[in-house]
Every structure is written in C-alpha cells, then in structure tokens.
Amino acid sequence: MNSTKKGFNTICTHIGEVKDTQFKGAVSPIYLSTSYAFEGVDTKRYPRYFNTPNQEALCKKIAALEKGESSLIFGSGMAAISTTLLAFLGQGDHVVLQRALYGGTANLINEEFNKYGITHSYVQSNNIEEFEKAIEPNTKVIYIETPSNPLLSIVDIKAIADLAKRKGVITMIDNTFASPVNQNPISMGIDIVLHSATKYLGGHSDILAGAVIASEKNIETIFHLAKNLGGSLSDFTVWMLERSIKTLGLRVKQQNKNAKNIAKWLEKHDDVSKVYYPGLTSHPDHHIAKKQMKGYGGMLSFELKEGLDASKFQKALQLIKSSMSLAGVESTILSPTLTSHALLSEEEREAQGIKDGLLRFSLGIEEKEDLKNDIEQALQKIKILALEH
Ligand SMILES: *Cc1c(COP(=O)(O)O)cnc(C)c1O
C-alpha cells in the first residue's frame, strides 16, 4: 500500500504490517526468531541488525507517520537519541542544543560527551539569533526539543531548519511531546526526528522503546553505529508497539482536547498562579505553536498560588496519579523538582525557570469533568488542612 497518500489514522491502522499469508489473520503475526536462514549474501536477518519481519514492518509505519523516508526503532528513547547523536558527532565536533532538554538527554551530554572529545553549547532562549551565534566552525548538529519539558516552551522549527541549511549543519528534534499527530518536523525541513516511543507512540505506560526517522541516507549512517551499539528493540515489544500505534491518532486527539480545556480552566482558577500550555493565547510563543502544530499536545504545567503546597495537593488527588512518566491514557502528574529534573542543580533549575511548586500534568483520555472534580476536591482538602494548622 502506498503510504504517502493515506490519512493519519489509516496509516496508524494499516501501513507497515506483517501480512499473515498462512491464516489471513487480522493482525500481524509475530516472529520471535533470532536465527534466520541465509536468503542471499546481503540479507542476513538478525534482531540486532534491525531487520526482522516485525521490525521492518513497524519502521515503515513510523516513517509514514512522520513523513520520512525511513526509520529505526530502538530499545528506549535514550538508545535512539544517544545512537543518533553519536552517529553524527565525533572527536573535535561541536553540537548546539537548546537549554530546556529532557533530563536524560542533558545527562548524556553533560556526563559522557567530554570523553569522546565532543564539545557543546546550550542556547538559553528560543531566539534564533542566539542559535546562530552559538554555531562554531566545527558545529555539526543543532538539537532541539519543542514543546519542551517541563515548561512547554516553543522553538520555531522552520527557522532552525533554514538556519542549519544555510550553515550546512544537521538538525535533530526530539518530537516526543508533540507526537506525530501534532507536529511533523521533516515537513518543515528538519533532518532527523527522534521519539521516546515509551510516551505517546506506546501510550499505555507499558512499553519502553525509541525511534528515529530520517532520509534513507541518514538512517544508513545511524544504522552503522546502531548495529555496533546494540540498542535494538525486542520483537515482542515491537509487536506491542505496532498494536499501540493503531490508536495513536484517537488517543492524542482526545489528550489534546483535554489539555486545552483544562489549561483554560486552570488559567481562570483562583488557586492557580500560572499555566504553561502552548495552546493558550497567553503563552509567549503561541503564534509559533499555532504556525507549526496541528494540535497543542496533551502536556501542560502549572503553579499553585502562594501558600498552597504542591506536594500535598499531589497526594490529595484521587483519580490523577502521581507518576514519573507521561503520555499514557491515564492522567498523571509530577513535580519536576523532585523527579525528572532532580539531578539538575538548584541554580540550573532556576536558570530554566523551573520553580519548586511547578507541577507537570500529562492529560489522559478520561472525561474532563472527572479530572476537574478531582483537582477541585484536592484543592479543598489542602485548604482545609492549611486552616487546621
Ligand atoms: C522519556 C523521554 C525521553 C527518553 O525516553 P526513554 O524511552 O525513557 O529512554 C526522551 N525525550 C523525551 C522528551 C522524553 O519525554
């Protein structure tokens, strides 16, 4: 089937399946073999070579979703990110990154890159001129993440792609927060798209996986390192991920709707001092988000008013779970200071604008009224507790 002409949900359900030629079953059969007969000199099939039947099929689906030529799937988001960065960077090279990055990516750069002789610069603001100023003669890669974690700041994707083309630099984006439902950076000129498939692609909080989508040529470069580093995904999980992606469009559209509705509601709420959501007209980069996103995503962050304890509020919630991860069909909440960004120093968090009372909220697919009721009852509970003391 030609994937380029199909709509999003049709790609989710039909593109990149393993045909069951034997029994004509409705879903892809799963091939768990780690050993395959030689079909020819070039077609050595082996899970670590990213070429089992289930891996190859799922890669077609993921490439089609991101409008890229080709893709590879990995054992985790970090396996995809580390392999891809190291495939294009070596001794003496330099990479420009935005400051607000997923914690694991920042740790990879800060803890490991020195020993490979790779230098880096962080760009503090989302300003394109700042990115341009950070480019050195040996800069090979610009790496962005938009919307960012946890403050949902927005970088102008097309402006970054144009700048990089002018400078002859490769561009990479972590598109996890937006998901392919809301944003397709390759269509805006970005070279390489990365995903933690643990998040929206998986969507049920039961899969650890990663993906990279790019041109055939760039995927070839990544593959050469990937087979040596050995970060491929087990075929059973590949099959789970294929199944999960069938409902990606439906899930994320509902999460978009919930997030937008609740962001607006929280913004007007007397107990909330600040809401971060790119779909709000009050967001400083709303106009950029509007230009490059089809929906604004299922993630938002907010701060409670002075005197309301964010940890007590979290504990008082009954429906919304306190949880480290995000993007599942169930709503979850966390404090970045205590969890995802705990490894950063206080100054570093302050530089990024992450306050101690900040709460990051991952919207699930529940009914919005139930979510609002849960927030309301938790706020009442902590206010009563505060009065008693
Ligand atoms: C979770 C996450 C990652 C890392 O993915 P893992 O699957 O946990 O390795 C990378 N980027 C973003 C934005 C994430 O949310």
Side-chain angles (χ1 to χ4, degrees), residues 8 65-68 96-102 105 121-135 141-167 169-195 199-200 213 252-253 255-264 266-267 274-303 326-327 351-354 358 360-363:
F8 195 86
L65 291 174
E66 278 291 12
K67 304 182 194 306
V96 172
L97 310 110
Q98 84 182 52
R99 171 62 83 180
L101 282 183
Y102 174 71
T105 310
S121 306
Y122 285 118
V123 177
Q124 193 70 46
S125 79
N126 300 340
N127 194 310
I128 300 301
E129 282 87 63
E130 298 294 318
F131 276 91
E132 179 152 10
K133 269 191 237 153
I135 295 176
V141 171
I142 299 180
Y143 186 102
I144 59 170
E145 189 180 319
T146 177
S148 74
N149 179 24
L151 291 175
L152 291 312
S153 64
I154 300 290
V155 177
D156 188 328
I157 298 174
K158 180 149 189 313
I160 291 285
D162 290 347
L163 165 67
K165 286 210 177 92
R166 203 152 38 80
K167 299 282 186 180
V169 172
I170 289 174
T171 41
M172 300 180 187
I173 183 171
D174 183 334
N175 205 33
T176 301
F177 266 40
S179 92
V181 180
N182 292 323
Q183 187 169 279
N184 297 125
I186 289 174
S187 307
M188 293 174 241
I190 294 289
D191 296 310
I192 299 173
V193 173
L194 292 148
H195 278 284
K199 313 297 164 53
Y200 288 102
I213 305 96
V252 172
K253 271 173 207 153
Q255 287 165 312
N256 284 346
K257 242 200 251 174
N258 275 350
K260 195 171 180 185
N261 185 285
I262 291 192
K264 283 184 179 164
L266 286 172
E267 197 174 36
K274 183 131 183 74
V275 182
Y276 304 84
Y277 185 64
L280 292 175
T281 49
S282 60
H283 187 289
D285 297 316
H286 174 68
H287 59 290
I288 304 171
K290 196 170 170 180
K291 184 180 72 166
Q292 67 194 22
M293 299 182 82
K294 287 171 256 187
Y296 298 106
M299 300 296 301
L300 65 86
S301 290
F302 64 100
E303 286 155 18
L326 61 108
Q352 292 194 29
I354 301 168
L358 184 77
R360 190 191 74 185
F361 191 5
S362 168
L363 277 294

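Predicted model only: the values in this text are computed from it and were never measured.
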Residues that [X] engages under side chain to side chain donor-acceptor pair (under 3.5 Å), provided they are two or more places apart:
| X | result |
| --- | --- |
| E132 | R166 |
| K290 | none |
| S125 | none |
| S148 | S153 |

Can you list everything that forms a side chain to side chain contact (heavy atoms under 4.5 Å, CB included) with [X]? Sequence neighbours excluded, please.
| X | answer |
| --- | --- |
| A327 | K199, Y200 |
| N256 | N182, V252 |
| L151 | Y276, I354, L358 |
| A161 | I190 |

Taking ring-ring contact (aromatic ring centres under 6.0 Å, His included) as the test, write out the residues that go with [X], two or more places apart.
| X | value |
| --- | --- |
| H286 | Y296 |
| Y102 | none |
| F131 | none |

Answer yes or no: is there a donor N or O on one side and an acceptor on the other, between the side chain of [X] and the main chain of [Y], under 3.5 Å?
| X | Y | value |
| --- | --- | --- |
| D174 | T146 | no |
| D191 | T171 | yes |
| Q98 | Q124 | no |
| Q292 | I157 | yes |
| Q255 | L363 | yes |
| N261 | K257 | no |

Salt bridge (charged side-chain N to carboxylate O under 4.0 Å, His left out): pairs with one or both residues in residues 147-161, sequence neighbours excluded:
D156-K291, K158-D162
Taking all heavy atoms of N126 and all of V155, pick out the closest pair and write down the distance.
OD1-CG2, 3.9 Å
Output for pair (I173 CD1, I142 CD1), nearest 0.5 Å, gives 12.0 Å
Please determine which of V193, I144, I186 meets the side-chain contact (heavy atoms from CB on, under 4.5 Å) test together with N175.
V193
Does a salt bridge link K264 with E267, judged by any charged N lying under 4.0 Å from a carboxylate O?
no
